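Just so we're clear, the structure is a prediction, and the values are computed from it rather than from any experiment.
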Amino acid sequence: MKKLLSLIMVMCLSVSLFAGCGGEETSSDATKAPSASAPASAPATAPATATAKPTEEATTTPSTEPTAAPTTKPAEKEDPEVDAILYRFYDADKYMWASDNFITPDDLAQGFGQGKPDVGTYVSCEYYYDDTEEALAIHILDFDPYFMIKTAEGGETFDLSQYPVFKIRLKNETNIEKFDAFICKAPSAAGPDNFQFELSGGDEEYQEYYFDFVKEKGQEFVDERTTVEGFRLDALAISPEGFANIEPESAYLYVEYFGFFKTLEDAQNWNPAHVA
């Protein structure tokens with residue numbers, strides 16, 4: 001009887017132990033503390049806004065205007081060489097203006113001018129270097145204007161038979177359309193020395209004219225002037241009636257140069273540097 005009771009007690013104890021162990025296993029799974037190594041859940045945060053890299057301010061190099069190169073006056077071009085007798089007026093410091101033969105003491109004594117190279121007058125014209133035109137200006141003051149030029153630039157005389165072609169570059173603002181001059185075999189002019197030719201009037205540009213002495217005046221005229229000593233520049237053949245019809249503001253004629261050449265071809269081919 002005692003054995004039966006002891007057996008029953010042992011069985012009951014076993015059952016209770018088995019039940020206790022099973023409950024503890026289930027309970028441990030549910031209440032398992034988080035592992036120390038597992039991170040705790042962080043509260044949700046708004047996604048981080050991408051921080052834009054600050055725009056680097058453009059570093060503008062201050063613009064400096066280029067330093068202008070010093071302006072140097074271009075080298076003056078020399079006129080082409082030519083075998084000719086030249087009377088050039090387009091430079092105030094050279095050519096005829098620098099020649100003692102343009103206005104001589106004899107000219108002054110005869111009333112052909114009043115000073116060199118500023119302004120000279122002889123009865124009916126005034127002549128001077130015009131800075132704007134860069135030429136010899138002849139201002140017509142009365143009919144029959146003229147003045148004398150003794151020899152060429154270097155003071156030399158010349159043989160017309162060796163240089164029988166005349167060329168002149170001028171601008172005639174008047175309405176007179178006839179050029180008038182004297183090629184002199186002595187320091188003064190005489191009637192037979194005269195030559196004339198037609199030209200335009202009311203010019204706004206310079207014109208060039210040619211005169212072949214052999215063709216126009218004859219071989220005898222040329223042969224008589226083996227020594228040319230003077231040139232009388234009347235420039236225009238103006239009568240009293242003709243002068244009365246000239247407007248004062250247009251009473252000007254400008255001469256850049258004239259010269260005597262060996263041939264017509266030489267005269268046509270030669271131009272000063274500022275024209276060429």
Side-chain angles (χ1 to χ4, degrees), residues 79 86-99 101-104 107-108 110-150 152-153 166-184 189 193-211 230-260 267 271-275:
D79 291 343
L86 297 172
Y87 298 69
R88 291 171 284 190
F89 302 96
Y90 45 80
D91 191 309
D93 301 317
K94 296 193 300 185
Y95 311 132
M96 287 310 298
W97 299 108
S99 171
N101 297 286
F102 181 41
I103 302 296
T104 69
D107 293 332
L108 295 173
Q110 297 177 47
F112 281 69
Q114 296 176 353
K116 172 187 178 299
D118 300 326
V119 175
T121 59
Y122 177 70
V123 182
S124 54
C125 72
E126 175 184 62
Y127 56 92
Y128 55 91
Y129 178 80
D130 188 286
D131 293 303
T132 303
E133 293 290 337
E134 296 184 319
L136 166 67
I138 302 173
H139 181 199
I140 311 301
L141 302 175
D142 205 343
F143 71 95
D144 193 25
Y146 72 88
F147 63 92
M148 293 288 297
I149 300 174
K150 304 293 181 144
E153 291 172 2
F166 176 78
K167 176 184 180 181
I168 189 167
R169 180 175 168 85
L170 60 79
K171 181 169 72 169
N172 175 25
E173 293 185 351
T174 77
N175 59 4
I176 305 299
E177 298 183 345
K178 182 169 287 188
F179 180 83
D180 190 17
F182 291 73
I183 178 76
C184 311
D193 299 329
N194 180 251
F195 69 101
Q196 298 181 342
F197 55 82
E198 301 297 319
L199 76 168
S200 63
D203 294 337
E204 294 183 358
E205 303 291 338
Y206 282 84
Q207 312 292 334
E208 294 172 351
Y209 300 93
Y210 304 86
F211 189 89
F231 190 87
R232 191 176 111 172
L233 183 60
D234 295 44
L236 299 172
I238 304 177
S239 64
E241 296 77 18
F243 179 75
N245 292 323
I246 295 177
E247 296 294 332
E249 62 272 13
S250 67
Y252 290 88
L253 180 136
Y254 301 95
V255 178
E256 278 197 346
Y257 70 88
F258 63 84
F260 296 84
N271 283 296
H274 74 280
V275 175

Checklist entry - Between Phe231 and Phe260, which heavy-atom pair has the shortest distance, and what is it? => result CE1-CZ, 3.7 Å
Item to check | Which atom of Ala189 lies closest to which atom of Arg232, heavy atoms considered | outcome: CB-CD, 3.8 Å
Next on the checklist: As an exercise, state the distance from CG of Asp142 to CZ of Phe243, rounded to the nearest 0.5 Å.
Outcome noted: 5.0 Å
Checklist entry - Which side chain to side chain donor-acceptor pair (under 3.5 Å) pairs, counting each pair once, include a residue from residues 170-179, with sequence neighbours left out? => result Glu133-Lys171, Asn172-Thr174
Item to check | Pair His274-Glu256, side-chain donor/acceptor within less than 3.5 Å | outcome: yes
Item to check | Gap separating the CG atom of Asp180 from the CZ atom of Phe197, nearest 0.5 angstrom | outcome: 10.0 Å
Checklist outcome for this item: Here the pair of heavy atoms bringing Ala237 nearest to Ile176 is O-CG2, 3.5 Å
Item to check | Phe179 ring center within less than 6.0 Å of Tyr209 ring center | outcome: no
Checklist entry - Which distance, rounded to the nearest 0.5 Å, do you find between the CZ of Phe89 and the OH of Tyr95? => result 12.5 Å
Checklist entry - Could you go step by step and tell me if Tyr257 and Lys167 meet the side-chain contact (heavy atoms from CB on, under 4.5 Å) rule? => result CA-CA 8 Å; Tyr257 70 88; Lys167 176 184 180 181; 3.1 Å; yes
Checklist outcome for this item: Residues Ser99 and Glu153: closest non-hydrogen pair is OG-O, 3.2 Å
Checklist entry - Atom CG of Asp130 and atom CG of Leu136: how far apart are they, to the nearest 0.5 Å? => result 9.5 Å
Next on the checklist: Which heavy atom of Glu249 sits nearest to which heavy atom of Tyr252, and what is that distance?
Outcome noted: O-CD1, 3.8 Å
Checklist entry - Shortest non-hydrogen contact from Gly242 to Ile238? => result C-CG2, 4.1 Å
Next on the checklist: Just to verify, which of Asp203, Leu233, Ile138 counts as forming a side-chain contact (heavy atoms from CB on, under 4.5 Å) with Leu253?
Outcome noted: Ile138
Next on the checklist: According to ring pair (Phe, Tyr, Trp, His ring centres under 6.0 Å), who are the partners of Phe195, at least two apart in sequence or on a separate chain?
Outcome noted: Phe166, Phe211, Phe213
Checklist entry - Under 3.5 Å, side chain of Asp144 to main-chain N/O of Ser239, donor-acceptor pair present? => result no
Checklist entry - Got a donor-acceptor contact below 3.5 angstrom from the Asp79 side chain to the Ala273 backbone? => result yes
